[in-house]
Structure formats: C-alpha cells, structure tokens
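Since the structure comes first, as structure tokens, the remarks are kept for the end.
First listed ligand is number 1; within each ligand, the first listed atom is number 1.
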Amino acid sequence: MYRLVFSQVLQRLDAEAVHHSTVSALALLARLPLLKRLLHRLFAPHDPALRVTAFGVHFPGPLGLAAGFDKDAACAEAVAVLGFGHVEVGTITAHGQPGNPRPRLFRLVRQHAVINRMGFNNAGAVAAARRLRRTRGVPVVIGVNIGKTKVVPEAEATADYVAGAKVLAPLADYLVVNVSSPNTPGLRNLQAVSLLRPLLTAVKQVADATPRRTPLLVKIAPDLADEDVDAVAELALELGLDGIIATNTTIKHDGETGGLSGRPLKARSLEVLRRLRAKVGDRLTLVSAGGVEDVDDVWERILAGATLVQGYTGWIYGGPLWAARIHRQLLRRVRRHGLKSVTEAIGRTA
Ligand SMILES: Cc1cc2nc3c(=O)[nH]c(=O)nc-3n(C[C@H](O)[C@H](O)[C@H](O)COP(=O)(O)O)c2cc1C
C-alpha cells in the first residue's frame with residue numbers, strides 16, 4: 001500500500017516539501033494525547049525480550065530513528081508511537097540557522113538512497129530546549145545530537161558545542177557530538193584526534209555536570225580511513241565516552257553534492273561497526289546507522305556488536321510503520337534462536 005502511495009504520489013512531490021508536511025503531521029499527532037496513547041499501545045515495542053539497556057538508559061527496542069529527521073525536536077513522541085525505540089533529534093546548533101539553499105534533498109529511488117546537503121537547518125538550541133521541556137504523554141527515549149553553527153570558525157568550535165551542550169544536555173537521555181556531517185564546511189576536520197580531544201573533553205565536562213550525568217557519544221563518518229576509526233575509538237575509551245554512532249552519510253559518490261545515505265552505505269557502515277567492535281569489544285556502546293533496510297540488517301548489526309541500531313532512509317522507503325514491523329519481526333527472530341532477549345544476541349558473531 002505504502003509502495004503504491006510512494007510511487008504514485010510522494011515520489012512526484014518535492015522531497016523536502018514531503019518531509020516538512022510529515023513533520024507537521026507528526027507534530028500535530030504529538031498534541032493529540034488519546035490517539036497518541038492508542039498508537040503507542042498498537043505499535044511501540046512492548047515485549048520485554050526486545051528491551052535493551054545502554055549507558056544506564058532503558059530502550060523499549062533496539063531500533064531508533066537516526067538524526068536529521070526531527071531536527072528541531074518537534075515530533076519525537078509521535079515518531080516513537082510509530083514503533084521506534086528511540087528518537088535522536090537534531091542536529092541542533094547553538095544558534096539557529098537556515099541551512100543551505102534549496103533544493104538540498106534528493107531521492108535516488110532505484111538505489112533506495114537519498115542525497116542531502118541540508119546544512120543543519122534548525123532553530124537553535126534554546127528553541128529546541130523549549131520543546132524538549134514539554135511533558136511527554138508517552139514514554140520516549142530522546143537523544144540530542146549537537147553540531148557546530150556554520151558561521152562559527154573552527155578555532156571557536158569547542159565553545160560553540162559547549163554552548164549548545166549547556167542548554168541541551170540536561171534535557172537529553174543521551175547527547176551526541178556530531179563531527180561527521182559533510183554539509184558544514186570544515187566540520188569533519190574535527191574528527192582528527194588533535195581537534196577532537198579538546199572538543200570532547202569540554203563537552204563531556206558539561207554532560208557530566210547534569211543532575212543525571214548525561215551519557216555522551218560521538219558520531220563518525222564512514223569516509224574515515226580505518227586507522228582514523230581506530231584512533232577515534234581509542235580516544236573515546238581514553239576520555240570515558242559512553243559510545244560511538246557509526247555512521248553518518250558518505251561523500252563517496254558521484255551524484256549531487258551532499259551526503260549519501262541508504263542502501264549504498266550498508267556495506268561500509270557494517271565494516272566500520274565490525275572494526276569498532278574488534279577494537280573496543282563491549283567497553284563502549286556501539287550504535288550502528290547506515291543502510292539499514294529490514295530485520296535482516298538490524299539482526300546483522302546486533303550480532304556484529306551494535307547495542308542500538310538506527311535508520312532514516314530505510315523509513316522513507318519502508319513506510320510509516322517500518323520500525324514497528326521490524327521490531328515485530330525481530331521479536332520472532334529472537335524467539336526462533338531460542339534467546340530470552342535481544343540483548344543476548346549482541347556481538348555474537350563479533
Ligand atoms: C535528509 C537527511 C538529513 C540528515 N541530517 C543529519 C543531521 O542533521 N545530523 C546527523 O548526525 N545525521 C544526519 N543525517 C544522517 C543520518 O542520521 C544517518 O546517519 C545516515 O543517513 C545513515 O543512515 P540511513 O542510511 O539509515 O539513512 C541525515 C540523513 C538524511 C537522509
């Protein structure tokens with residue numbers, strides 16, 4: 001049904017217009033408590049066998065929505081009631097900014113992929129904080145992904161991230177330092193350990209100072225050389241970070257300028273996950289994102305060592321109840337393997 005609607009209607013409309021309409025519809029849903037609770041009962045993961053605990057946070061299921069969809073924390077609850085086990089909002093920058101000129105979002109339908117060069121369009125940390133403070137009608141785990149404000153020079157990047165973290169860390173179930181988006185000039189240079197160490201050290205001080213000590217993760221690009229993946233992993237261990245999200249979009253493609261996501265990213269994302277697991281074992285929580293399309297992908301990532309899995313492009317092509325469907329299938333898979341919980345599968349083939 002969704003495939004028909006996608007090919008006959010959505011695919012013909014401007015991708016960003018569809019995106020904004022979807023966020024608005026979900027923001028409306030987030031304000032309808034009865035419907036929200038009903039959908040939550042129907043579609044959110046409830047079975048204890050799907051629960052995972054990472055860095056002290058309890059997730060109802062391992063599959064969450066990756067950053068970039070709910071950039072302004074406008075509709076996280078509504079996303080959760082459609083079956084996602086967590087929602088990562090953002091990227092949010094300390095100061096609001098318009099992002100790059102349109103068009104900046106392109107579907108590659110045959111490849112089940114997307115190219116985007118959004119450029120962190122968002123209303124800024126204070127506006128997002130106002131939304132995050134609203135009481136939640138249904139339980140939802142919200143990660144907050146922060147990035148650098150475009151006009152801030154690289155030399156002042158740490159202060160900019162710290163400003164965002166101060167506002168948002170107290171409101172986040174976990175905080176992510178995003179140094180891997182390709183659409184903010186120079187951002188990915190911050191993945192070099194010499195720049196990343198002072199940045200992560202400063203943000204960690206902020207995250208550690210919140211009443212609950214907010215868990216801190218770093219999100220990396222798939223285009224890092226293998227030695228650089230190792231170097232970031234070592235740094236994360238050294239600094240006592242809680243985890244790594246791998247990966248963001250890739251610039252290795254020959255389409256429109258921007259980051260490529262979806263099916264073509266699958267192999268490299270899995271490769272980076274395996275490399276990280278080999279390096280850090282279970283000392284860090286690994287969150288795998290990139291080209292996750294179905295339950296087989298989710299299962300493969302979990303077996304390879306991911307405690308949590310994220311998807312975005314797979315949802316675009318899979319339809320609104322994509323995550324609910326995958327969690328249902330995952331539960332069957334867990335039972336078929338005679339496991340008591342999905343947790344028992346983490347890292348089994350690593
Ligand atoms: C339209 C779009 C916007 C995105 N924006 C962000 C962002 O703001 N911050 C971020 O960390 N990742 C962003 N991403 C990357 C995703 O979070 C994810 O890491 C990547 O798309 C790989 O997952 P996927 O193949 O399931 O989409 C974006 C992805 C897409 C498709």
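- Judged purely by distance below 3.5 Å, without hydrogens or angles, the side chains of Asp160 and Thr93 never pair a donor atom with an acceptor atom.
- A salt bridge does not link Asp47 to Lys340: none of the charged side-chain nitrogens sits closer than 4.0 Å to a carboxylate oxygen.
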Run through all N or O atoms in ligand 1 and write down each protein N or O closer than 3.5 Å, as a pair with its distance.
| unit_1 | atom_1 | unit_2 | atom_2 | d |
| --- | --- | --- | --- | --- |
| ligand 1 | 5 (N) | Lys71 | NZ | 3.3 |
| ligand 1 | 8 (O) | Lys71 | NZ | 2.9 |
| ligand 1 | 8 (O) | Thr91 | N | 3.2 |
| ligand 1 | 8 (O) | Thr91 | OG1 | 3.3 |
| ligand 1 | 9 (N) | Thr91 | OG1 | 2.7 |
| ligand 1 | 9 (N) | Asn178 | ND2 | 3.4 |
| ligand 1 | 11 (O) | Asn145 | ND2 | 3.0 |
| ligand 1 | 11 (O) | Asn178 | ND2 | 3.1 |
| ligand 1 | 11 (O) | Lys219 | NZ | 3.0 |
| ligand 1 | 11 (O) | Asn248 | ND2 | 3.4 |
| ligand 1 | 12 (N) | Lys219 | NZ | 3.1 |
| ligand 1 | 14 (N) | Ala67 | O | 3.3 |
| ligand 1 | 17 (O) | Ala67 | N | 3.4 |
| ligand 1 | 17 (O) | Ala67 | O | 2.7 |
| ligand 1 | 17 (O) | Lys219 | NZ | 2.8 |
| ligand 1 | 19 (O) | Lys219 | NZ | 2.9 |
| ligand 1 | 19 (O) | Thr247 | O | 2.9 |
| ligand 1 | 23 (O) | Gly290 | N | 3.4 |
| ligand 1 | 25 (O) | Gly262 | N | 2.8 |
| ligand 1 | 25 (O) | Gly291 | N | 2.8 |
| ligand 1 | 26 (O) | Tyr312 | N | 3.0 |
| ligand 1 | 27 (O) | Thr313 | N | 2.9 |
| ligand 1 | 27 (O) | Thr313 | OG1 | 2.6 |

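- Using a 4.0 Å cut-off between charged side-chain N and carboxylate O, Arg213 and Asp242 make a salt bridge.
- Electrostatic pairing of Arg274 and Glu271 does not count as a salt bridge here, judged by no charged N lying under 4.0 Å from a carboxylate O.
- Aromatic ring orientation, His86 versus Tyr174: perpendicular (interplanar angle above 60°, classes split at 30° and 60°).
- No salt bridge links Arg325 with Asp294; every basic N to acidic carboxylate O contact stays at or beyond 4.0 Å.
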